[in-house]
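A short write-up of the structure that comes next.
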Amino acid sequence: MTPASRLLAWYDRHRRDLPWRAKPGEVGDAYHVWLSEVMLQQTTVATVKGYYADFLNRWPKVTDLANAPLEDVLKAWAGLGYYARARNLHKCAEAVARDHGGRFPETEAALRALPGVGDYTAAAVAAIAFGEPATVVDGNVERVMSRLFRIETPLPKGKAEIKTRTATLVPRDRPGDFAQACMDLGSSICTPKKPKCLLCPLQPDCAAHAAGEPERFPVKAPKKEKPTRRTVAFMPTHKGHVLLERRPPKGLLGGMPGLYSTPWEAQADFPDNWAAHAPATGDWQLLDGIARHTFTHFHLETRVAAAEISGRINLPSGEWVPIEDLDAAGLPTVFVKMVALYPSP
DNA sequence: CAACCGTGGCA
DNA sequence: TTGCCAAGGTT
């Protein structure tokens, strides 16, 4: 018995039924596989399920998604995070429609050239949807393989070695199932903390288990500390509406709607000249409470100021939204937290 | 190649 | 409460 055959036998017994997963023996639909893989980047299965169903219901084919306005796609993506994924998702759909006749290319290299498709996603779609013997390496596979082979090189440097070792295991006949089996094993058995080695089909092959130290792997480079940035955000209201800005198309929360605010800067306290950054003149009053949110590389603390705006309004990029419709405005979570400080009637 | 880029769940 | 982490990609 090889590790791959042990793993596939385990997979056939414990296979999870997921919305984007093909029935046993069937090949996956490339559009479904791609959409799910992009959504699953750094995002949990539980979170993705609802978004995946919404997207497929609204845009049944990749050409439908290509024809949708970017703004609609961003709004449907709101709350999922990493909004560059949504921008690239739309770009990729356009590329498939325009350059590939509405069908996904079937080789790993051609997939890799699409926007938002990196090494992992290209390999996953190639293996799962097209049966190509591609080597799929995600966070789960890194953990499984670093333990199996007891790889001491810290991540991310050790990823090259992990991919090389993984490639030697990929079975030519079931590369897609092998990839999904590795990921399922990593998420259910070979977990970061307290791995269930007694239930693991690879236990007989596992070097880290043999050494009695599975939890020490994968070895990772030390992380940097996150600074805290502080800002004052503005809720300019007018007859039951609030003024939102459209953020610049790239960068943090790019292309998404949000509240106007002072610049988000690392500082010991909230800015005292905040009123100078208000998007309109008014009797600005700081609301009670602090909204806290953590991004990938910094913490953000926000105080919110509100004012009823009267007189002439002249703000080109802003949009007035009924306060009661804010939950449907497609706001990123950080702004949902800020808005929550505003007293509800 | 290191920095940038969200969010929610959980110990 | 805090840190960790989850089916990564781009620059």
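All values derive from a computational prediction rather than experimental measurement.
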Both A:P192 and A:K91 contact DNA chain C. Which one's nearest nucleotide lies toward the 5' end? A:P192
When you measure from the centre of the six-membered ring of A:W77, is the NZ or CZ of A:R58 closer than 6.0 Å and no more than 45° off the axis? no
Is it true that A:F295 and A:H297 have ring centroids separated by less than 6.0 Å? no
Any side-chain heavy atom of A:P257 sitting closer than 4.5 Å to one from A:E319? no
Decide if atom NZ of A:K163 counts as having more than 12 heavy atoms of other residues, nucleotides or ligands within a radius under 6.0 Å. yes
Take atom CE of A:M183 and atom P of C:dC5, then tell me their distance rounded to the nearest Å. 20 Å
Students often get this wrong, so: under 4.0 angstrom with heavy atoms, is A:R16 touching a base, only sugar-phosphate, or nothing? base
Give me the distances for all protein-to-nucleotides 1-3 of chain C N/O pairs that come in under 3.5 Å?
none

Sugar-phosphate only, base, or nothing, as touched by A:K193 at under 4.0 Å among non-hydrogen atoms: nothing
Parallel, tilted or perpendicular: which describes the rings of A:W34 and A:F104, with under 30° parallel and over 60° perpendicular? tilted
Which part of the nucleic acid, if any, lies within reach of A:V45 when heavy atoms closer than 4.0 Å are counted: base, sugar-phosphate only, or nothing? base
Just checking A:L300: base, sugar-phosphate only, or nothing, at a heavy-atom cut-off of under 4.0 Å? nothing
Here the distance between atom P of C:dC5 and atom CD of A:E215, to the nearest Å, is 10 Å
Would you tell me if any nitrogen or oxygen in the side chain of A:K223 comes within less than 4.0 Å of OP1 or OP2 on C:dC4? no
Would A:Q285 and A:D283 count as having a side-chain donor-acceptor pair, cut-off 3.5 Å? yes
Measure from NZ or CZ of A:R147 to the centre of the six-membered ring of A:F217 and say whether it is under 6.0 Å with the direction within 45° of the ring axis. no
Consider only side-chain N and O atoms of A:Q41 and A:Y120, and report whether a donor and an acceptor are under 3.5 Å apart. no
Tell me the interatomic distance from A:L40, atom CG, to C:dG8, atom C1', rounded to whole angstroms. 11 Å
How close or far is atom C1' of C:dG9 from atom CG of A:L111, stated in whole angstroms? 15 Å
Using a 4.0 Å heavy-atom cut-off, write out nucleotides 5-11 of chain B from 5' to 3' as B (base contacted by protein), S (sugar-phosphate only) or - (no contact). BBBS---
When you check the gap from the basic side-chain N to the acidic O, do A:R21 and A:D184 get nearer than 4.0 Å? yes
Send over the distance from A:R112 CZ to C:dG9 P, rounded to a whole Å. 7 Å
